[in-house]
Q: 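Have a look at this one.
Numbers for residues simply follow the sequence, beginning at 1. Computed from heavy atoms alone, side chains included, the values below leave out hydrogens, waters and symmetry copies.
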Amino acid sequence: MIDTSPASCPVCRSANQEHSLDYNDCAIYRCNDCGTYYVHGMKENADTADNYENAYDGGTTGYFRKVEKKLRRSRGRIRQLRKYVKGGRFLDVGCNGGFMAEAARQAGFDAWGVEVDGVSVAYAKEHFPENHYFHGLVENFHPDEGFDLVYSSEVIEHIPDVNAYMLAVVGLMKPNAILYQTTPDIAHWSQPRDLTRREGFNPPHHCIYFTTRSMRMLLENHGLEIVEKRFAFKPGIKFIARKPASTG
């Protein structure tokens, strides 16, 4: 049943929203203040995580068969991010099969990954055993030490409570640490007018649809400083943000 109770934006908490459409038994709202589209009446983060167990069919899909291609792409991203962080501790939030963690380790980082899909974690441990992995929500990950570089790519659009997610991520970052954050851009200039035809529109699997403005707002609301917004020909948002040095 579609939830028709009053909605509020999961990004900026504004109640200034409008109902856009119903799709796949989901009520899609748009925030008139920050432009975010979102599924109203979503589950908690922990409940949603259950939907991602064995998301890749035990590693039998094409995703896990393209290992070398994914490692090459991951190594390229690490090379780019080393412009900001030369070394230290690396964390991939939503690490899947461990490809980014392995690329980071090869570049000299102490590499960690967090993933809710147990099958993916098992794959990562088997194929890239020199890294460290945590099976569960990032909110439940409590290492003894923080991280210098945190990578969160194409994850946050799956998260119902993005503020709880960001609070956990920022809490894992050392002072001056860098966050690389990407997500689909629902308002990208190349997107069609029909919302249901826009790239990344897949409720309830994707439940938050950011604009550049709303992603910037979310990062800044959690105390991060925007270092760079990368241009994207394809409909994606790419931010590099820094956690300020402690002033305490």
Side-chain angles (χ1 to χ4, degrees), residues 1-57 61-63 93-94 96 115-117 119-120 136-139 152-169 181-222 232-239:
M1 178 180 295
I2 293 174
D3 189 344
T4 58
S5 60
S8 61
C9 177
V11 175
C12 70
R13 304 301 193 192
S14 171
N16 180 19
Q17 83 291 314
E18 62 185 24
H19 177 257
S20 293
L21 76 158
D22 296 326
Y23 189 90
N24 281 351
D25 293 326
C26 298
I28 311 299
Y29 279 74
R30 180 186 184 276
C31 176
N32 291 322
D33 287 337
C34 71
T36 303
Y37 288 87
Y38 56 94
V39 176
H40 176 47
M42 294 178 288
K43 296 180 179 181
E44 299 293 327
N45 287 1
D47 294 330
T48 301
D50 292 339
N51 295 332
Y52 295 95
E53 183 66 22
N54 196 15
Y56 297 94
D57 299 326
T61 66
Y63 190 95
V93 183
N96 192 262
E115 174 59 54
V116 297
D117 176 14
V119 173
S120 292
L137 295 169
V138 69
E139 293 97 317
S152 174
S153 183
E154 311 304 299
V155 172
I156 199 167
E157 64 271 15
H158 300 268
I159 308 297
D161 189 343
V162 293
N163 283 287
Y165 176 83
M166 283 304 306
L167 185 66
V169 168
Q181 176 77 67
T182 80
T183 192
D185 184 356
I186 199 67
H188 192 269
W189 57 269
S190 68
Q191 295 279 49
R193 291 182 61 87
D194 184 351
L195 182 65
T196 65
R197 295 178 56 226
R198 296 184 191 180
E199 188 167 327
F201 186 78
N202 184 23
H205 190 65
H206 290 182
C207 52
I208 309 286
Y209 301 90
F210 287 90
T211 66
T212 296
R213 179 169 178 262
S214 66
M215 177 53 71
R216 180 185 293 272
M217 180 183 297
L218 181 69
L219 296 173
E220 292 180 341
N221 284 350
H222 284 270
F233 282 103
K234 294 183 179 181
I237 299 169
K238 301 178 181 180
F239 272 112

Q: List for me each residue that meets side-chain contact (heavy atoms from CB on, under 4.5 Å) alongside Asn32, sequence neighbours excluded, and say none if there are none.
A: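 Checked Asn32 against side-chain contact (heavy atoms from CB on, under 4.5 Å); matches are Asn16, Glu18, Arg30.
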Q: Identify the heavy atoms of Ser120 and Glu115 that sit nearest to each other, and give their distance.
A: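 Minimum heavy-atom separation between Ser120 and Glu115: CB-CG, 3.9 Å.
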Q: Apply side chain to side chain contact (heavy atoms under 4.5 Å, CB included) to Ile237 and Arg216, showing your working.
A: CA-CA 10 Å; Ile237 299 169; Arg216 180 185 293 272; over 6 Å; no
Q: Can you see which heavy atom on Tyr38 is nearest to which on Cys9, and at what distance?
A: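 Shortest heavy-atom contact: OH-N, 3.6 Å.
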Q: Under the 3.5 angstrom rule, does the side chain of Arg198 hit a backbone N or O of Ile186 as a donor-acceptor pair?
A: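 Yes; at least one donor-acceptor contact below 3.5 Å.
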Q: What heavy-atom pair brings Met215 and Thr183 nearest, and what distance separates the two atoms?
A: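 In terms of heavy atoms, the two residues are closest at CE-CG2, 3.7 Å.
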Q: If the condition is side chain to side chain donor-acceptor pair (under 3.5 Å), which residues does Tyr37 pass it with, not counting sequence neighbours?
A: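 Here no residue qualifies.
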Q: side-chain contact (heavy atoms from CB on, under 4.5 Å) with Arg197: which residues, sequence neighbours excluded?
A: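 Scan of Arg197 (side-chain contact (heavy atoms from CB on, under 4.5 Å), adjacent residues dropped) gives Pro192, Asp194.
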Q: Out of curiosity, Asp185 CG to Ser190 OG, how far, rounded to the nearest 0.5 Å?
A: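 So the CG of Asp185 and the OG of Ser190 are separated by 8.0 Å.
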Q: For Ala232, which residues count as a side-chain contact (heavy atoms from CB on, under 4.5 Å) partner, sequence neighbours excluded?
A: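 Ala232 satisfies side-chain contact (heavy atoms from CB on, under 4.5 Å) with no residue once adjacent residues are dropped.
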Q: Identify the two heavy atoms, one from Ile156 and one from Gln181, that lie closest to each other, and give their separation to 0.1 Å.
A: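 Where Ile156 meets Gln181 most closely, the heavy atoms are CG2-NE2, 3.6 Å.
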Q: If the condition is ring-ring contact (aromatic ring centres under 6.0 Å, His included), which residues does Phe201 pass it with, not counting sequence neighbours?
A: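 For Phe201, the residues satisfying ring-ring contact (aromatic ring centres under 6.0 Å, His included) (neighbours in sequence not counted) are Tyr23, Tyr209.
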Q: So how far is it from Ile159 CD1 to Ser152 OG, rounded to the nearest 0.5 Å?
A: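 Reported value, rounded in 0.5 Å steps: 8.0 Å.
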Q: Write down the atom of Met166, the atom of Leu218, and the distance for their closest heavy-atom approach.
A: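 Taking every non-hydrogen atom into account, CG-CD2, 3.6 Å.
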Q: Applying side chain to side chain donor-acceptor pair (under 3.5 Å), can you list everything that pairs with Ser14, at least two apart in sequence or on another chain?
A: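 By the side chain to side chain donor-acceptor pair (under 3.5 Å) rule, Ser14 matches Asp33.
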Q: Sequence neighbours left out, what passes side chain to side chain donor-acceptor pair (under 3.5 Å) with Glu220? Give chain and number order.
A: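 None.
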Q: Does some side-chain heavy atom of Pro184 sit less than 4.5 Å from a side-chain heavy atom of Pro235?
A: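 Heavy-atom side-chain distance check fails, nothing below 4.5 Å.
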Q: Applying side chain to side chain contact (heavy atoms under 4.5 Å, CB included) between Met42 and each of Cys26, Pro203, Pro160, report the one that passes.
A: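 The residue from Cys26, Pro203, Pro160 that satisfies side chain to side chain contact (heavy atoms under 4.5 Å, CB included) with Met42 turns out to be Pro160.
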Q: Is a side-chain donor or acceptor of His205 paired with a backbone partner of His158 at a separation under 3.5 angstrom?
A: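 Side chain of His205 to backbone of His158, a donor-acceptor pair under 3.5 Å: no, none is there.
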Q: Under a 3.5 Å distance rule, please check whether His206 uses its side chain to pair with a backbone N or O of Glu157 as donor and acceptor.
A: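 Absent.
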Q: Between Ile28 and Val39, is the side chain to side chain contact (heavy atoms under 4.5 Å, CB included) condition met? List the steps.
A: CA-CA 5 Å; Ile28 311 299; Val39 176; 3.7 Å; yes
Q: Okay, side chain of Thr182, backbone of Glu154: is any donor-acceptor separation there less than 3.5 Å?
A: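 Side chain of Thr182 to backbone of Glu154, a donor-acceptor pair under 3.5 Å: yes, one is there.
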Q: Has the side chain of His188 got a donor or acceptor atom that lies under 3.5 Å from a matching backbone atom of Lys234?
A: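 It does hold such a pair.
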Q: Could you go step by step and tell me if Arg13 and Asn163 meet the side chain to side chain contact (heavy atoms under 4.5 Å, CB included) rule?
A: CA-CA 10 Å; Arg13 304 301 193 192; Asn163 283 287; 3.5 Å; yes
Q: Please report the shortest heavy-atom distance between Ile208 and Pro10, naming the atom on each side.
A: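 Closest approach of Ile208 to Pro10: CD1-CG, 3.4 Å.
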Q: Begin from the C-alpha positions of Cys31 and Cys12 and carry the test side chain to side chain contact (heavy atoms under 4.5 Å, CB included) through to its verdict.
A: CA-CA 9 Å; Cys31 176; Cys12 70; 3.6 Å; yes
Q: Suppose we screen for side chain to side chain donor-acceptor pair (under 3.5 Å). Which residues come up paired with Thr212, at least two apart in sequence or across chains?
A: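 For Thr212, no residue satisfies side chain to side chain donor-acceptor pair (under 3.5 Å) once neighbours in sequence are set aside.
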